[in-house]
2 protein chains.
Amino acid sequence: MKKDVVTIADVARHAGVSVSTVSYVLSGKRSISATTSARVRASIRALGFHPHAGARSLASNRSSIIALVLPLRQGMHLPVLMQFATAVVTSARANDHDVLLVTADEGPAGLRRVAAGAIVDGLVLMDVEMHDPRVPTLRQLDRPSVLIGLPVDSSGLTCVDLDFHQAGAICVQHLAGLGHRRVALLGAPQVVYERDTGFAHRTRDGFMQTAQLLGLDAHTQPCEEDAATVMSTVTALLGRAPGLTGLVVHNEAAVAHVLDALRSLGKRVPEDISLVAICPDELAERSHPRLSSVQIPADDVGRRAVDLLMAKLDQREVPPITLLAPVLTSRTSTGPWTAR
Amino acid sequence: MKKDVVTIADVARHAGVSVSTVSYVLSGKRSISATTSARVRASIRALGFHPHAGARSLASNRSSIIALVLPLRQGMHLPVLMQFATAVVTSARANDHDVLLVTADEGPAGLRRVAAGAIVDGLVLMDVEMHDPRVPTLRQLDRPSVLIGLPVDSSGLTCVDLDFHQAGAICVQHLAGLGHRRVALLGAPQVVYERDTGFAHRTRDGFMQTAQLLGLDAHTQPCEEDAATVMSTVTALLGRAPGLTGLVVHNEAAVAHVLDALRSLGKRVPEDISLVAICPDELAERSHPRLSSVQIPADDVGRRAVDLLMAKLDQREVPPITLLAPVLTSRTSTGPWTAR
DNA sequence: CTAGGTCGTCGAAGCGCTTCGACAGAAATG
DNA sequence: CATTTCTGTCGAAGCGCTTCGACGACCTAG
């Protein structure tokens, strides 16, 4: 077998200093003379010393590990998910932390396990739902956490999410810039507006305010998610707003149905009607035509989440809600329009 | 603030036993009377005790965490990757271990960091290449590890991989079952056969042996990966083996070119020629027509890898190489054939 | 009836690190 | 020049857990 693990005491002996001095060299929490520091570092390298994570965590009550809680079921947003995860891991490493993977399937119990056992210093939760069952648990945990997504009741939490108000706004700006003068927003189902207030309202407000500002004729309309209802909703909308040429769809599940409806009504996209979706890139890329869409800037969100968590770990104050600027990717579902 | 963390001493006091007794109740390493055990458990629940991971790891030299080392760059095999990861995490949890995510970008240094610091008890590496730079490092680490994939020099390692011999065999069986009598294998580029021996040869052997066994007329042919060379290779092959109706392609990069070549030679798939690929499902699904293909059983592989790692952690002997049965998914690129 | 086992429990010695208080000696202050 | 303030370093006390050896109490077999 190998000789035993190299400990900090070995390093101290080798460098001719005390154990605490080595520790301070490593942590920088007290000033150490340049010469001593250099000698210690040399010994560390010479012996191949790696501090024992467990011992460190026991003594300092800090593990330098954060939990990344995500849904591992095979969904369709894999690429987006991966982008988040990559950003989180990269940022964590940049802050000298490792990442423990916790699946959402474990539910609240999983959070409790890793937090209470002091396995992790803090948590980043992805795929947070409006009424997420993990949220109450999170509140009573004594570890800091950051959510990606915005639950209905976000009090006492730190959240990062897309700025939906801004998302509504840039959709309008995009259409207006192409010359469209009469636009509409097809939003979430009615029930969402009534109950899970939040992102749906924010998008709608951004849409309406900006349309008004730009002097557009704007309509909004909740939108159910089954093909038949979508069909009648779209038909009604076109009747109500003849000459409508710009459409924003903020409803992932309904997007395909809307496209079908337009097609069967004889409206071509983008020749007759330009369509912008607020949805994952994946979906936008898969549709025909490929949709101009507003997407979540995953890299940004991931990095921001980790930054916020680090701040909380350092006891710094952080804003409860961080909203990130949406990005509109122009594809082939929108085009210029001039009165004909 | 909250009252301090509940320690094992608190539990012991509450239950009226010694600290060591509580520890033994938890670990089961010494027999404890049923009544004592029950009392201790009740106290644990009553106080909400969670053992401190760091303390445990320091004292026992076991962290109950394994590392999952994977490439987080956005590749095209995301779904496959995810399937692996999911399987690994699930199996790890089933064995009471957590999973630390380490990105392959960190290279050998990353392995050293998590292993030497005793952050993890062992490692599972994904996406292992033939000449993987992490392999030498792995050998000198004192932590056990399992590789998913088979490097050229696997001595001293534990690997899990697809059984390529069997993969070659079931491709032939599939074609033979459909009535094909003259078949060919388009394999890896020549240079791969010469140098990175291993999976390429294994597939070819499986293919040939089975063809012989079934009395088929079988040909094999290395295959480069650029469109032009593929074109001439396919043309030559059809000249050499007129009446060829079954083709197996074991070359991810060349698959698309092969399809193009067949098309431009006036051969329809599957009407004139049936084609089976050995490639990720992703690719098979994306091609036109969708390819009948042999794919890696990711769930199985992931689970197996963890099982092997657990065995090694328990000092049990494990086979150096575990080969898993390939699965052939029949899609629309293969069809029955009868002499015309 | 006694020598030798088992069983169930306890006490104490670490595991390797961080951090607090102490303290010489040097530098700055009056 | 006396006194205070830094600087740089050390020793030792934990952090919460596992595990080893010890030890009564009880059983069994000769």
Side-chain angles (χ1 to χ4, degrees), chain A residues 3-41 43-44 47-65 96 115-121 142 313, chain B residues 3-41 43-44 47-65 96 115-121 142 313:
Chain A
K3 52 187 167 190
D4 271 10
V5 163
V6 180
T7 76
I8 199 174
D10 299 329
V11 175
R13 205 170 309 121
H14 186 273
V17 298
S18 76
V19 163
S20 46
T21 300
V22 176
S23 179
Y24 286 126
V25 166
L26 250 25
S27 71
K29 295 198 175 175
R30 283 199 184 173
S31 56
I32 297 286
S33 72
T35 57
T36 304
S37 174
R39 196 146 34 89
V40 168
R41 278 175 211 292
S43 297
I44 288 176
L47 301 179
F49 167 70
H50 285 266
H52 188 286
R56 178 170 272 194
S57 134
L58 176 56
S60 69
N61 210 23
R62 288 289 224 103
S63 68
S64 290
I65 300 180
D96 249 304
I119 302 179
V120 302
D121 294 339
D142 54 344
L313 286 174
Chain B
K3 53 189 165 191
D4 271 10
V5 162
V6 180
T7 76
I8 198 174
D10 299 329
V11 174
R13 204 170 311 122
H14 187 273
V17 298
S18 77
V19 164
S20 47
T21 299
V22 177
S23 179
Y24 286 124
V25 167
L26 250 24
S27 70
K29 295 198 176 175
R30 282 199 184 173
S31 54
I32 297 287
S33 72
T35 58
T36 305
S37 175
R39 196 146 34 89
V40 168
R41 279 176 210 292
S43 298
I44 288 176
L47 300 179
F49 167 70
H50 286 266
H52 187 287
R56 177 169 273 193
S57 136
L58 176 56
S60 69
N61 212 23
R62 287 293 222 104
S63 68
S64 290
I65 299 180
D96 249 304
I119 302 179
V120 302
D121 294 339
D142 55 344
L313 286 173

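Numbered from 1 within each chain, the chains take letters A, B, ... in sequence-line order.
The line from OH of Tyr24(B) to OG of Ser31(B) is 10.5 Å long, rounded to the nearest 0.5 Å. With values rounded to the nearest 0.5 angstrom, Ile8(B) atom CD1 is found 5.0 Å from Phe49(B) atom CZ. In this structure, CD1 in Ile32(A) is found 10.5 Å from CG in Leu26(A), a value given to the nearest 0.5 Å. Of the inter-residue distances, the one linking Ile65(A) atom CD1 with Ile119(A) atom CD1 reads 8.0 Å to the nearest 0.5 angstrom.
Take Ser64(B) and apply the side chain to side chain donor-acceptor pair (under 3.5 Å) test, not counting sequence neighbours, and it matches no residue. With sequence neighbours excluded, the residues satisfying side chain to side chain contact (heavy atoms under 4.5 Å, CB included) with Ala9(A) are Thr7(A), Arg13(A), Val19(A).
Looking only at distances, a side-chain donor or acceptor of Arg39(A) sits under 3.5 Å from a matching main-chain atom of Ala15(A).
The side-chain hydrogen bond (donor to acceptor under 3.5 Å, both in side chains) pairs that include a residue from residues 47-61 of chain B number zero, where partners must be two or more places apart or lie in different chains.
Mapping Val17(B) and Ala59(B) onto DNA chain C by nearest heavy atom places Val17(B) at the nucleotide closer to the 5' end.
Side-chain atoms of Ser18(A) and Thr21(A) include a donor-acceptor pair closer than 3.5 Å. Side-chain polar atoms of Ser20(A) and Ser23(A) form no donor-acceptor pair below 3.5 angstrom.
For the segment residues 24-33 of chain B, residues with any heavy atom less than 4.0 angstrom from an atom of DNA chain C are, sorted by number, Tyr24(B), Arg30(B), Ser31(B), Ile32(B), Ser33(B).
Contacts of Ser23(A) with the nucleic acid, taken as non-hydrogen atoms under 4.0 Å apart, include base atoms. In this structure, Ser20(B) reaches the bases: a heavy-atom distance under 4.0 Å links it to at least one base atom across the strands shown.
A nucleotide of DNA chain D counts as in contact with chain A when one of its atoms lies under 4.0 Å from a heavy atom; the first and last such, 5' to 3', are dT7(D) to dG16(D).
Between its two ends, the helix from dC1(C)-dG30(D) to dG30(C)-dC1(D) turns its axis by 30°, counting five pairs per end and rounding to 10 degrees.
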